[in-house]
Amino acid sequence: MGLTVSGAVPEGTEVSSISPNWVTTKLDFLTNWARKNSLWPMPFGTACCAIEFMASAASRFDLSRFGMERMSFSPRQADVLICAGRLPFKLAPVIRRIWDQMPQPKWAISMGACASSGGIFDTYTMVQGIDTIIPVDVYVPGCPPRPEGLMYGITLLQKKIEGETIADPDLRQEHLVGEHGLFLPANRIDEISEPFGNSVHQTRSA
Amino acid sequence: MTASTASLSPSVAALREKFGAAITRHAVSCGDTIVHVSNERAHEALAWLRDEPTQRFDYLTDLTAVEYRDVERALEVVYQLRSIERKADLRVKIELDKTAPLVVDSVVDLWKGADWLEREVYDMFGVRFRGHPDLRRILMWDTYAEGHPLRKDFPLRGHFSRAEQTRQALSANPEAQYSLEELSIAEAYEELPADMRERLRRGERGDVG
Amino acid sequence: MSTRTLELDLSTPGVDSEGRPIRVPLGVRAGASEDELGGEHMLVNIGPQHPATHGVLRLVVELDGEVVLRVIPHIGYLHSGFEKLGEYRHYNQIVPLTDRTDYLSPMANNVCLALAVEKLMGLEITERCQVLRVIACEMSRVISHLVWLGTTGIDLGAFTPFLWSFQERERIYDLQEAWTGARLTTSLTRVGGMMADVPEGWTDGLRDYCRTFPKTLTEVDTMFTRNAIWIGRTQGVGVMSAEDAINYSLSGPMLRASGVAYDVRKDCPYLGYETYDFDVPVGEHGDIYDRYRVRLEEMWQSVRILEQALDRLEKLKGAPVNVSDPRVILPPKHRAMSDMEAMIYHFKQVMEGVSTPVGEAYLGVENPKGELGYYFVSDGTAKPVRWRIRPPSFLNLAALPKLCEGVLLSDVIAINASIDIVMGEIDR
């Protein structure tokens with residue numbers, strides 16, 4: 001971004017080509033209001049969290065209140081990818097492809113502990129958090145999160161969308177898989193996948 | 001638990017009578033009868049157990065393998081058999097010396113349920129099944145290069161680093177994971193690039209890991 | 001594999017000598033249509049991300065027009081390494097893992113694990129514990145079949161029963177939550193007992209459920225059982241004969257719908273099932289309709305068993321739930337905090353786990369999807385040498401290619417729904 005540590009903007013750096021003004025804020029308000037209240041989820045449901053997702057969509061917890069009852073199983077018509085469930089490495093290229101197929105504006109919710117960090121599965125098959133593969137906007141912890149928890153995550157996403165502005169040049173940037181075949185740098189992936197706390201001791205067999 | 005003759009399945013005596021020295025030993029553990037059969041005559045013994053009127057083990061409950069923590073112990077391929085009409089269970093084991101190639105005869109011709117079960121044992125342990133129609137990995141992807149996960153020398157988190165595993169996973173093209181069988185249907189095999197044809201061929205029939 | 005490329009001659013195959021279109025009957029086999037219409041076979045990929053595959057399942061379908069010639073399922077998209085992980089956990093630490101294999105009926109898996117380890121250890125559980133476990137299993141049967149019902153309805157075009165069944169599931173979830181603290185990942189059992197007894201007033205909630213749930217079943221019955229569309233789509237589709245069902249190692253409703261009267265609860269009883277009065281529905285034709293009828297009837301029978309179990313629970317009021325051996329199961333908290341010996345037992349169990357004798361045990365239970373079996377091999381330590389899950393859905397799904405010979409593409413979806421799979425269990 002070209003910013004120095006102190007946060008001062010060096011002379012001559014263009015932060016945004018559009019200067020925020022009355023017109024942009026009104027437009028932002030309108031666009032964001034429309035987007036946040038009609039998020040069509042792409043339910044990438046894999047495991048137990050998918051069942052709680054289905055329960056959220058059912059009558060008792062009703063995602064329809066958020067305008068999200070229209071589940072879009074085609075990524076090309078979806079706004080928010082909700083990864084509900086654990087993601088093994090075999091499924092990694094699939095979610096990456098689905099994410100790439102989604103047109104902007106798009107967001108991602110990582111639902112559950114496994115999607116957020118690998119959960120209880122610190123094993124040879126499991127992606128340790130989908131944020132190593134796609135950019136995530138909201139993490140919903142839980143194993144599985146209650147439907148109320150998921151809905152809180154959705155309201156947080158709505159708040160995030162509320163705060164977006166067209167004056168932001170970094171918005172709506174596609175972050176593709178780099179030429180090294182990775183989305184995040186390799187050392188970063190290793191860093192965030194490192195076991196911590198009790199997990200460190202749980203690979204003793206006997 | 002002590003092995004009482006009451007819980008020992010009569011199939012053991014019948015097997016010993018028919019196959020003699022091929023039945024290396026038997027045991028009772030927690031009420032289940034276990035019989036060890038030599039590899040050479042295992043298929044014959046299993047076929048006899050299925051077809052013999054006094055045995056009629058027509059249901060293959062499970063087919064799996066066990067590797068012990070003690071490195072000197074053999075790797076065992078375990079068949080959990082059941083006779084639906086007689087309501088009897090039997091566990092048959094084949095011991096495989098880990099220093100030799102791990103090969104047993106496939107029982108797909110006896111029980112169709114063995115098809116995927118044997119593919120899983122191949123995937124997880126590296127045991128090859130002679131005569132299996134389509135022996136390729138089932139739980140991991142075809143070109144998985146880290147090895148056979150349920151072996152004791154395979155660490156819980158795998159051999160490669162997380163970044164390397166992620167990189168290999170992302171570069172695996174999902175569409176390339178059609179088997180040869182499938183691609184020949186669509187006639188697209190001829191149009192595939194040579195290296196992809198090679199990888200597919202290697203991935204499913206060749207020794208990858 | 002033979003490949004077929006036929007050149008389309010545009011002037012004929014679809015019309016006869018007078019130029020009138022030839023009517024091609026449905027269900028025509030590959031050989032016939034080749035002569036009449038010609039054309040290549042299509043390879044269609046369904047999944048792994050697909051609403052109708054009931055999880056991350058990938059089906060590669062060879063189609064001749066709309067007729068399916070071959071279906072090749074690909075699994076492993078949810079492989080999590082459960083069996084490997086189990087080798088690094090104490091037996092009680094494996095209980096939460098079992099919730100996540102078949103996540104549609106978590107309590108039933110918990111019970112199967114506890115029973116398998118208790119068989120390995122030669123442990124006898126208390127009577128109250130047995131009744132509680134029967135209640136847990138039957139509640140799980142109901143919620144699993146409700147998911148199957150809702151999702152099969154959606155696959156075949158009926159959306160509303162999904163909402164009905166999930167509403168009923170919510171009521172069971174409330175009961176599960178009151179008992180264990182969790183809606184879905186219950187971790188209910190421990191080796192030698194349960195995590196907790198049912199709270200005060202819980203049995204009233206379950207009785208109320210047993211009283212009102214049959215109304216929903218009747219509604220579903222009215223909606224589907226004599227419905228022409230339902231019958232048209234499910235009868236005669238996906239047929240499996242009894243001999244094939246046995247040879248393919250099917251289990252559960254898949255096996256019984258094909259006419260094989262085998263139910264683990266009746267044939268190898270556990271938890272005192274032989275003392276309960278219930279029937280096991282057995283089908284005849286082995287098609288999707290029979291599987292539907294079998295599962296619907298199983299829900300009725302589960303309610304019957306639950307009512308009997310609740311009566312027994314009343315009689316066993318105040319009886320102990322856990323075994324009284326403090327080396328195996330945690331002592332009550334107040335004792336662990338006050339009594340030195342109890343504290344030491346608590347410490348040893350939590351830090352070192354409970355060792356099992358050298359040996360091995362296989363235990364099969366009648367899970368809603370089929371026979372779930374856990375095979376443990378122990379070397380005398382607190383962690384198993386091998387934990388094998390015998391997954392019913394894995395073997396049931398392996399029969400999909402056989403079931404889908406010669407059907408239409410939309411039938412593949414219906415057959416897949418009727419197998420009632422859960423990918424967590426298949427891929428483990």
Side-chain angles (χ1 to χ4, degrees), chain A residues 44 46 75 86-101 115 117-135 175-196 198-206, chain B residues 66-73 75 116 119-120 122-126 136-179 182 195-196 199-200 203-204 208-209:
Chain A
F44 196 87
T46 49
R86 47 193 188 258
L87 196 89
F89 284 116
K90 193 168 179 180
L91 207 51
V94 176
I95 197 176
R96 183 70 225 180
R97 179 167 293 205
I98 300 259
W99 178 253
D100 288 337
Q101 286 175 343
S117 71
I120 61 175
F121 300 103
D122 195 1
T123 63
Y124 57 94
T125 62
M126 204 56 69
V127 168
Q128 300 293 297
I130 61 171
D131 49 1
T132 58
I133 303 200
I134 58 175
H175 298 282
L176 297 172
V177 170
E179 68 269 1
H180 297 292
L182 287 173
F183 170 68
L184 286 183
N187 60 341
R188 186 95 187 97
I189 294 181
D190 284 331
E191 200 186 313
I192 59 182
S193 308
E194 200 53 41
F196 56 91
N198 233 6
S199 291
V200 177
H201 303 295
Q202 301 219 336
T203 49
R204 283 175 316 179
S205 171
Chain B
V66 180
E67 186 183 355
Y68 291 86
R69 291 195 180 112
D70 181 357
V71 290
E72 281 158 18
R73 281 190 76 165
L75 192 145
W116 279 21
R119 278 179 65 187
E120 189 184 333
Y122 167 65
D123 191 1
M124 294 285 118
F125 288 92
R136 59 193 157 92
R137 286 188 184 264
I138 189 168
L139 294 176
M140 308 308 295
W141 56 96
D142 282 342
T143 51
Y144 183 67
E146 277 184 82
H148 297 282
L150 277 173
R151 298 298 302 270
K152 289 288 191 271
D153 55 4
F154 189 96
L156 178 63
R157 297 200 184 95
H159 287 296
F160 303 159
S161 75
R162 289 295 185 200
E164 180 57 25
Q165 288 172 338
T166 311
R167 199 192 61 76
Q168 286 194 359
L170 282 178
S171 63
N173 183 359
E175 253 126 61
Q177 294 182 29
Y178 284 114
S179 65
E182 290 155 338
D195 62 306
M196 195 158 133
R199 267 175 48 220
L200 285 168
E204 49 178 51
V208 188

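Throughout, a chain's letter reflects where its sequence line sits, starting with A, and its residues are numbered from 1.
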- Query: Given the options A:Thr123, A:Thr132, A:Ile192, which has more heavy-atom pairs under 4.5 Å with chain B than any of the others?
  - Reply: A:Thr123

- Message: Please find the pair of heavy atoms, one from B:Leu150 and one from B:Glu67, that lie closest to each other, and give the distance.
- Response: O-OE1, 4.3 Å

Would you say that [X] contacts [Y] through its side chain, given a criterion of any heavy-atom pair below 4.5 Å between the two side chains?
X        : Y        : answer
B:Met124 : B:Leu139 : yes
B:Arg136 : B:Arg119 : yes
A:Val94  : A:Phe44  : yes

- Is chain B contacted by the side chain of A:Ile133, its backbone, both, or neither, given a heavy-atom distance below 4.5 Å? side chain

- Query: Quick one: what part of B:Phe160 sits under 4.5 Å from any heavy atom of chain A, side chain, backbone, both or neither?
  - Reply: neither

